[in-house]
There are 2 protein chains.
Amino acid sequence: MAAARKKNLRTEDASPSAPQALAERLERHGVRPSAQRVAIASYVLGTEDHPSADQVWARVKERFPMVSRATVYNTLRHFTEKGLLRELVLAEGRQVFDPVMEPHHHFVDDTTGAIRDIPWNALKVAKIDELEGLDVREYMVVVRGVARGARKG
Amino acid sequence: MAAARKKNLRTEDASPSAPQALAERLERHGVRPSAQRVAIASYVLGTEDHPSADQVWARVKERFPMVSRATVYNTLRHFTEKGLLRELVLAEGRQVFDPVMEPHHHFVDDTTGAIRDIPWNALKVAKIDELEGLDVREYMVVVRGVARGARKG
DNA sequence: TGATGAATTTAGACTAAGTCCAATCTTCGG
DNA sequence: CCGAAGATTGGACTTAGTCTAAATTCATCA
Ligand SMILES: [Mn+2]
Ligand SMILES: [Mn+2]
Ligand SMILES: [Zn+2]
Ligand SMILES: [Zn+2]
């Protein structure tokens, strides 16, 4: 009966992309549902693509050619602040370098942005080998939070 | 007795930053040890900072003010290709957006760059709560590799 | 020692991603 | 309908990264 999408991670999947339902969803999150915002939402809130801001812009322009880049960037930031989206930093483009070549995990300090190493054996990931259809080359746990205890000593 | 650094992840820690030892280490990895490269190596191969390329440039310039930005970028790429460094993409700066707000893990396809979701329960991370001195806000496993089986079906 | 070609370095142009801003347009309460 | 707040817009600006062509350094060998 139900929509039977490929993945079942998505939550608020009641009535997916109907502009009406989308507008209500924006309102529930405290976002005023302008035409541009609904157009942007109708793509980005439903995709599994993890798109960049410019990719969102390109997609939205197909149906709404007059939307500006600034609006897309503003709207994505707004959605993120309002809890409709989150930003990931897993994509190529911004690089930092790590001289530790052995497998290990990472802690990213949310307040300072600093990245710290977590030794491989400090954590254990189970069931990696059960992932279907993926040739795993490497993996790591990325932990985000704040370092307790003043760093500056 | 031994140097007793804070972390014990680093491998080739024999004679750390002596320019002589560094040059030999570069040679062992097939990197010709020019003065610039040794200067860059002496910072970036020993740091725990996970610096960006421009941060490396800034540091190296303090002791070697005439080094060019292109050289630093070229050298970091070279070191990375030769297995002396690796690049991480955990830093703010390049953003992609994810409408799935529930905790889940990610698979990054090394050939296409595509990012796919891995359901939270597909993996299990143990000992997160034992991390000392860190207030963990969230964490995820980042898996890199290639997707088997043609995607296009 | 000097010639020569390869490897490296360099400055600066160029690109892509993201931010910011001032002007304009839209919406909404009164 | 009016005015203020909110939203959108084009374009300037910034930052990170790449690329190129010229100059420099280096290794090798006559
Ligand atoms: Mn790269
Ligand atoms: Mn951001
Ligand atoms: Zn690391
Ligand atoms: Zn995701």
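All values below come from the heavy atoms of this structure, side chains included, with hydrogens, waters and symmetry mates left out. Within every chain, numbering begins at 1; the chains are lettered A, B, ... in the order of the sequence lines, protein sequences first and strands thereafter.
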Exercise for the section: Could you run through nucleotides 3-10 of chain C and give me one letter per nucleotide, 5' to 3': B if any protein heavy atom sits under 4.0 Å from the base, S if only the sugar-phosphate is that close, - if neither? Expected result: ----SSSB

Practice task
Provide, to the nearest angstrom, the distance between the CD atom belonging to A/E81 and the C1' atom belonging to D/dG6.
Solution key: 14 Å

Fill in the blank from the handout: Rounded to whole Å, the CD-P distance (B/E27 to D/dC26) equals 14 Å

Fill in the blank from the handout: Atom CG of B/L76 and atom C1' of D/dG17 are separated, to the nearest Å, by 12 Å

Problem - Test log, rule salt bridge (charged side-chain N to carboxylate O under 4.0 Å, His left out), inputs A/R116 and A/D109 - result: CA-CA 8 Å; A/R116 273 165 57 173; A/D109 191 303; over 6 Å; no

Exercise for the section: Identify, with sequence neighbours excluded, every residue that meets side-chain contact (heavy atoms from CB on, under 4.5 Å) alongside A/Q36. Expected result: A/S34, A/F64, A/V67, A/T71

Fill in the blank from the handout: In whole angstroms, the gap separating C1' of D/dG6 from CG of A/L26 amounts to 15 Å

Exercise for the section: For the pair B/E138 and A/R86, find out whether any cationic side-chain nitrogen is under 4.0 Å from an anionic carboxylate oxygen. Expected result: yes

Problem - Side-chain N or O of A/Y73 closer than 4.0 Å to phosphate OP1/OP2 of C/dG18 - result: yes

Exercise for the section: Enter the distance from B/D98:CG to A/H50:NE2 here, rounded to the nearest 0.5 Å. Expected result: 3.5 Å

Practice task
Measure centre to centre between the rings of A/F97 and B/W57, then say whether the value is under 6.0 Å.
Solution key: no

Practice task
Nearest whole angstrom, please: distance from the P of C/dA11 to the NZ of B/K61.
Solution key: 10 Å

Problem - Rounded distance in Å - CH2 (A/W57) to P (C/dT19) - result: 15 Å

Handout entry: Distance in Å, B/H106 NE2 paired with B/I115 CD1, rounded so as to fall on 0.5 Å steps
Key = 6.5 Å

